[in-house]
Every structure is written in C-alpha cells, then in structure tokens.
Amino acid sequence: MSNQILRRAGLLGASASAAVVASVATAGPASAEVPHGWPVAEEMTASGLLLLILLIPVILMVIISLLVLLPGVFRGEGLLPKPHKAEDDNLPAATH
C-alpha cells in the first residue's frame, strides 16, 4: 500500500515539476516599452498620487457607509442601537 502511495506522490511531483519547467521555458521576456503609436504617459504628480491613494478610497468608504446606514435611518431606527428593555422579551420568567 505504501509503495502505491509513494508511486503516486512521485508521479504528482514529476507532473508538477514538468509543468513549472514548461512554463518557465516557454515564457518570453517581458517588454516594458510603450508600443509604437501610443502616447507616452506623463509622470504622476504628488496631488494625483494623493487623489489616487487617499481621496478615492475615502469617497468610496463614505458612499458604502451611507448605503448601509440610510435604510435603517429611513425606517426610523436611527444610527445608534436602542437600549434593551426586559419587557420586550417573550421568554418565560426565571424561577429560583
């Protein structure tokens, strides 16, 4: 039984190794040049970087938060949870 397990593990290892070697052997070199006819991009300014990294995620966070909170506000539930009242429970009274 263990001989069969070792044979399968060897076959799996050989197959994985062959897949890795084949993908590395067939991969071409990466080209970082802009294709001919495309405009060359300008360098990003500091304000553009701040817009991309800070402002856009903050705007998305506010929009998602509003989409989550506003339905409850429109139903009259408010933003903060209401305090729990014991008379709201439909549980039988505890006997000691």
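Everything numeric in this text was worked out from a predicted model, so none of it was measured.
- Both I53 and L50 sit in one connected hydrophobic cluster of ILVMFWY residues. Membership requires side-chain heavy atoms under 4.5 Å apart, directly or through other members.
- Summarising the geometry, atom OG belonging to S47 is positioned 11.5 Å from atom CG belonging to L52; distances are rounded to the nearest 0.5 Å.
- To the nearest 0.5 Å, the span separating CG on L51 from CD1 on I56 amounts to 4.5 Å.
- Separating the CD1 atom in I63 from the CG atom in L66 is a distance of 8.0 Å, to the nearest 0.5 Å.
- Cluster annotation: V62 is not connected to V73 through the hydrophobic network of ILVMFWY side chains, with a link wherever side-chain heavy atoms come within less than 4.5 Å.
- Going from atom CZ of R8 over to atom CG of N3 covers 11.5 Å, rounded to the nearest 0.5 Å.
- Taking CD1 from I59 and CG from L54, the interatomic distance works out to 11.0 Å, rounded to the nearest 0.5 Å.
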